[in-house]
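Working notes, structure below.
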Amino acid sequence: MLVKSISLGNYRNYRELQIGFHPNLNIFVGGNGQGKTNILEAVFYAATGKSHRTNYDGELISWEDKFLRIVLKGERSCGNINIEMLVRSDGKKILKVNNQLKKKLSELIGTINVVLFSPEDMLLVKGGPSIRRRFLDIEISQTSPFYCHNLANYNRVVTQRNNLLKAVREQKEKIELMDVWDLQLVEFGVNIIKKRTEVLDKISPIARSIHKKITEGAEELNLAYVPSVDIQKAEEDSTPQEYFMRKLKEIRNTEIIKGVTLIGPHRDDIDIKIGDTSIKTFGSQGQQRTCALSMKLSEVEFMKNETGEYPVLLLDDVMSELDEGRRRFLLEVVNGKVQTFVTSTGIQEVWAPVKEKSRIFEVKAGKILLVQEG
Ligand SMILES: Nc1ncnc2c1ncn2[C@@H]1O[C@H](COP(=O)(O)OP(=O)(O)OP(=O)(O)O)[C@@H](O)[C@H]1O
Ligand SMILES: [Mg+2]
């Protein structure tokens with residue numbers, strides 16, 4: 001999978017930009033606040049319809065303007081890809097894939113697959129559970145429109161159910177109204193838990209093998225899905241849905257007192273261990289970073305297995321977060337097979353041999369200059 005070029009109009013600090021990319025490695029060098037992340041964000045946005053930095057698309061439009069335009073030209077084994085997006089400040093979006101108008105963003109899914117690795121991903125191990133859930137959700141959503149749709153529905157139900165719980169607590173609504181929301185929570189929730197478990201079971205051996213290589217055989221990485229409601233425990237005479245429903249009934253009073261939904265995939269987590277030891281609690285910072293790197297790289301392989309093609313890899317600022325050995329490993333793994341976009345404040349961070357097969361761009365105040373063609 002390749003991104004051949006992108007053109008931007010009124011996208012953040014890019015008023016007008018047309019840029020062609022190298023099929024192997026693209027390096028964006030520049031000082032802070034010049035527009036390096038904006039480029040990667042634009043590629044991510046064109047591929048997924050979402051920004052990794054904001055939920056408000058209006059923020060992406062250049063401050064003085066009323067709309068933005070992105071045209072991404074790419075290539076897959078099945079042929080050329082052309083994605084066109086127009087986003088207006090009133091929230092309206094026009095999306096075209098290969099000149100065909102698409103009504104729903106979900107129709108964009110799978111056109112171009114991307115894996116983004118940013119400094120926040122270093123918190124995959126150390127940070128809160130929401131970061132780990134997001135890790136799974138973003139990648140699964142790109143390979144399954146059904147999951148994407150299901151997740152959006154689930155999140156909507158959780159919000160509405162929480163509002164109702166508060167209203168019941170304040171005696172503004174009747175408790176009987178809960179039943180209809182419980183049914184939906186369980187229906188969408190079980191689908192999410194099943195899919196996440198299935199995907200993590202696929203990712204886990206890949207991450208383990210990558211981790212083994214980085215640590216030269218010293219560490220065995222184990223990933224496991226930790227559900228807040230263990231639907232696999234459903235006894236023989238009940239379905240996962242019935243089991244989930246029973247657990248909800250058991251905690252209903254507590255939920256009303258707290259005014260929030262306490263169980264379901266929005267409360268789940270991933271357990272990350274080296275051997276039998278929890279790396280979140282006992283791992284050194286270096287070990288935690290290595291685990292994060294192994295997990296991110298496993299996503300690249302996972303997507304290849306799912307779609308038959310390597311995704312495009314976006315590495316925002318991560319080179320400076322990794323030591324020389326891990327940097328070298330990362331570039332060795334991707335070099336020659338995964339089209340990669342790297343941002344960096346200094347070129348010295350990039351491993352020299354890869355520079356040969358790359359294009360280096362200098363980014364300055366929303367302008368991009370090609371400085372080296374490898
Ligand atoms: N909607 C917008 N309109 C115009 N400019 C914007 C908009 N949103 C952000 N910017 C500008 O974009 C710049 C940030 O760009 P970006 O995040 O790509 O920087 P960067 O080169 O990645 O910096 P760093 O090295 O600090 O990560 C800032 O100067 C910011 O003011
Ligand atoms: Mg940046």
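FYI, the numbering just counts along the sequence from 1. Below, all heavy atoms of this structure are taken into account, side chains as well, without hydrogens, waters or symmetry copies. Read the numbers this way: they start at 1 and go in the same order the structure lists the ligands and their atoms.
Not counting sequence neighbours, the partners of Asp179 by the salt bridge (charged side-chain N to carboxylate O under 4.0 Å, His left out) test are Arg252. Considering only residues two or more places apart in sequence or on other chains, Glu64 meets the salt bridge (charged side-chain N to carboxylate O under 4.0 Å, His left out) condition with Arg15.
If you check each of Glu64, Arg15, Glu59 against atom 1 (N) of ligand 1, the one with the closest non-hydrogen atom is Glu59. Nearest to atom 20 (P) of ligand 1 by heavy-atom distance, out of Arg12, Arg53, Lys36, Glu41, is Lys36.
Ligand 1 has a nitrogen or oxygen under 3.5 angstrom from a nitrogen or oxygen of Thr37. Residue Gly33 has at least one nitrogen or oxygen atom sitting less than 3.5 Å from a nitrogen or oxygen atom of ligand 1, judged on distance alone.
Residue contact check: Asp317 has heavy atoms under 4.0 Å from atoms 27 (O) of ligand 1. Short contacts between ligand 1 and Gln34, defined as distances under 4.0 Å to a heavy atom of the residue, involve ligand atoms 19 (O), 20 (P), 21 (O).
Using a non-hydrogen distance threshold of 4.0 Å, Gly30 does not register as a contact of ligand 1. Using a 4.0 Å heavy-atom cutoff, Ala365 is absent from the residues neighbouring ligand 1. At least one heavy atom of Ile61 sits under 4.0 Å from some atom of ligand 1.
Using cut-offs of 30° and 60° on the angle between ring planes, the pair Phe44 and His52 is perpendicular.
The cationic group of Lys304 lies under 6.0 Å from the six-membered ring centre of Tyr310 and within 45° of the ring axis, placing it in a cation-pi geometry.
Of the protein's heavy atoms, Asn38 ND2, 3.9 Å lies nearest to atom 14 (C) of ligand 1. The protein atom (non-hydrogen) at minimum distance from atom 30 (C) of ligand 1 is Trp63 CH2, 4.0 Å. Among all protein heavy atoms, the one lying closest to atom 26 (O) of ligand 1 is Asn32 ND2, 3.2 Å.
The distance from the Mg ion (ligand 2) to the nearest N/O/S atom of Asn38 is not under 2.8 Å.
Between Leu221 and the choices Ser204, Cys291, Ser209, the side chain to side chain contact (heavy atoms under 4.5 Å, CB included) rule is met once, by Cys291.
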Should Glu170 and Lys172 be marked as a salt bridge (Lys or Arg N to Asp or Glu O under 4.0 Å) after you check the CA-CA gap, both sets of side-chain angles, and the distance that decides it?
CA-CA 5 Å; Glu170 288 154 23; Lys172 288 182 185 153; 3.1 Å; yes

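Under the 3.5 Å distance criterion, with hydrogens and angles disregarded, a donor-acceptor pair is assigned to the side chains of Asn82 and Glu84.
Salt-bridge formation is not detected for the pair Glu219/Lys212: no Lys NZ or Arg NE/NH1/NH2 atom is positioned less than 4.0 Å from an Asp or Glu carboxylate oxygen.
Under the 4.5 Å side-chain criterion, counting only non-hydrogen atoms from C-beta, Tyr45 is in contact with Ile70.
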